[in-house]
Amino acid sequence: MNGSPSESSTTSLCPDWHAAYAAYPVNSRFIWVNNCGTTPAGNPAVKAVSAFLESYSHSGILAEGVSYLDVQSDILRHLSEILAVETEELAVIHNTSEGMNLISHGLTFQSGDEILLLENEYPSNVYPWEHWRDKGVDLKFIPMAETPTDFLGNFMEALTARTRFVTLSAVHWCTGMPLPLRDIGALCRERDIRFAVDAAQGIGHVDLRPREWGIDYMAFSGWKWLLGPLGIGGLYAARERLAELRYPFKGTESVINDGKYLPYRQELKPHTGRYTYSTPNFNDWIYWRASLDFLAQLGFVAVRKRLHELASQLAAGLAHEGFRILSSGYSEPTAIVVVEKSGLDATRTVARLRERGIVAAERLGRLRFSPHVYNSPEQLQQVVIESARL
């Protein structure tokens, strides 16, 4: 059931993909194709965290071989490579909701201003903005569309003279559609509108270049395409926009020279790192660094390409079995495969697939699959076979 790749199927692929399959013990029990939901732990993360805990059990904070600053630096270096931004424009935080709240509560709007959001958006990019309604700011939802081009049209129709801020997802969590961020960023820049992106479904999965594309702020979780643990994520604030954010609260690590506790300091760190405001869960940092190291060894660009190849294989197989592929035909590739079929009960189908060892999801009454690099082509063929039987 686990669909281990055969020798013949891997000879035409880079051997690294076979190693990626072998690095994930989940493959012995499940075919995990809900990676845009959560991802299981791989051997690199398990080994790194186990080694740290073993050392910590004997030496506490005096444990050798793991430096807080080194781990932080490595994580930020990987993220900066993925996003093509400076490390000082990034901070390690806990999740997308936290990042969006830090942005939202740091901004200043006037009564009558307008914030544009995405229809059927994930709550982490809606709830943080709702407090502005109490201050007279309008929240306006842009209708979703079946193609990025059509969505861009909807976006342009939604813009008004009162629009001050736009906050959208990089990829729609229900349909898998990458939004036209580059075009939207250009339009926002022309009109001096600030632009934020919920990149939870995007980072590591699609090409994202916030600085080049006019994205001012970005928040994301790390436990999807970046293979991190639950409870860790990142925040991006363009260096020229940081001064526009009021600092909503202050922690031990928010200030300069934070290693010296006295005298108290008023001067905040002059970069986005101020938002890593106090002691983190260091186990999570160890886990995430190991996973990012693993992806970096494969190559971040190669990983994105592989994700799209696996998704294309899965979509083609399901289409052959009579499923309608909603996630096909986009101008940018996606690794989220969303399908429907006449008479198919998606919720029941997800449960029945789980009984067969296949982990997928239901969204808006449709089936959603999202493979990662540790999935094999044989596993995806098994997904097609089992889905067609239901």
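All heavy atoms count here, side chains included; hydrogens, waters and symmetry mates do not.
In terms of heavy-atom proximity, Phe220 sits nearest to Ala199 at CB-C, 3.7 Å. Nearest heavy-atom pair, Ser254 versus Gly251, reported as atom, atom and distance to 0.1 Å: OG-N, 2.8 Å. The shortest heavy-atom contact between Phe151 and Met177 is CB-CE, 4.1 Å. When all heavy atoms of Thr87 and Ser80 are compared, the closest pair comes out as CG2-OG, 3.5 Å. Across every non-hydrogen atom of Gly317 and Val384, the tightest pair is O-CG1, 3.5 Å. Thr334 and His308 get closest at one heavy-atom pair: C-CD2, 3.8 Å.
The OG atom of Ser124 sits 8.0 Å away from the CG atom of Asn95 when rounded to the nearest 0.5 Å. Here Glu119 contributes atom CD and Lys140 contributes atom NZ; the two are 13.0 Å apart, rounded to the nearest 0.5 Å. Note that the CG atom of Leu159 and the CD atom of Glu190 stand 10.5 Å from one another [nearest 0.5 Å]. Rounded to the nearest 0.5 Å, atoms CH2 (Trp285) and OG1 (Thr276) are 5.5 Å apart. Atom NE2 in His205 sits 13.5 Å away from atom CD1 in Ile82 (nearest 0.5 Å). In this structure, CD on Gln110 lies 12.5 Å from NZ on Lys135, to the nearest 0.5 angstrom.
Separation of the Phe165 and Trp129 ring centroids falls under the 6.0 Å cut-off. Aromatic pair Phe52/Phe282: centroids less than 6.0 angstrom apart.
Salt bridge status for Arg211 with Glu86: absent, with no side-chain N to carboxylate O gap under 4.0 Å. Using a 4.0 Å cut-off between a side-chain N of Lys or Arg and a carboxylate O of Asp or Glu, Asp216 and Arg241 qualify as a salt bridge. Salt-bridge check for Asp258 with Lys260: failed, with every basic side-chain N at 4.0 Å or more from each acidic carboxylate O. One finds no salt bridge joining Arg274 and Glu253 here, because no Lys/Arg side-chain nitrogen approaches an Asp/Glu carboxylate oxygen to under 4.0 Å. Note on Arg239 versus Glu88: no salt bridge recorded, every NZ/NE/NH1/NH2 to OD/OE distance being 4.0 Å or above.
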Take Glu386 and Arg389, measure what salt bridge (charged side-chain N to carboxylate O under 4.0 Å, His left out) needs, and give me the verdict at the end. CA-CA 5 Å; Glu386 295 296 338; Arg389 288 174 177 168; 3.0 Å; yes
Residues Ser104, Asn101; criterion side-chain hydrogen bond (donor to acceptor under 3.5 Å, both in side chains); working and verdict: CA-CA 5 Å; Ser104 179; Asn101 270 289; 5.7 Å; no
Given the rule in the side-chain hydrogen bond (donor to acceptor under 3.5 Å, both in side chains) test, do His172 and Asn120 qualify, once you have shown the distances and angles that lead to the verdict? CA-CA 9 Å; His172 197 289; Asn120 289 329; 5.3 Å; no
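If you chain together hydrophobic residues whose side chains sit under 4.5 Å apart, Val92 and Tyr277 never meet in one group. No single ILVMFWY cluster, assembled from side-chain heavy atoms under 4.5 Å apart, contains both Leu69 and Ile93. Under the 4.5 Å side-chain heavy-atom criterion for grouping Ile, Leu, Val, Met, Phe, Trp and Tyr, Ile103 is not connected to Leu179 through any hydrophobic cluster. In the hydrophobic cluster analysis, where Ile, Leu, Val, Met, Phe, Trp and Tyr join through side-chain heavy atoms closer than 4.5 angstrom, Ile215 is grouped apart from Tyr275. Cluster annotation: Leu118 is connected to Met156 through the hydrophobic network of ILVMFWY side chains, with a link wherever side-chain heavy atoms come within less than 4.5 Å.
Atom CZ of Phe109 has more than 12 neighbouring heavy atoms from other residues, nucleotides or ligands inside a 6.0 Å radius.
Side-chain contact of Asn35 with Tyr374: a donor-acceptor pair under 3.5 Å is present, judged by distance alone. Checked by atom type, the side-chain pair Glu378/Gln382 shows no donor-acceptor distance below 3.5 Å.
Under the 4.5 Å side-chain criterion, counting only non-hydrogen atoms from C-beta, Asp207 is in contact with Arg304. No side-chain heavy atom of Pro229 sits less than 4.5 Å from a side-chain heavy atom of Trp223. Taking 4.5 Å as the limit, every side-chain heavy atom of Glu362 sits out of range of all side-chain heavy atoms of Leu367. Side-chain contact between Leu168 and Val197 is absent, with no heavy atoms from C-beta onward closer than 4.5 Å. Contact annotation: the side chain of Val46 never approaches that of Val49 to less than 4.5 Å [non-hydrogen atoms, C-beta and beyond]. Looking at heavy atoms from C-beta onward, Leu318 lies in side-chain contact with Phe369 at the 4.5 angstrom threshold.
Between His18 and Tyr21, the two ring planes are tilted [angle within 30° to 60°].
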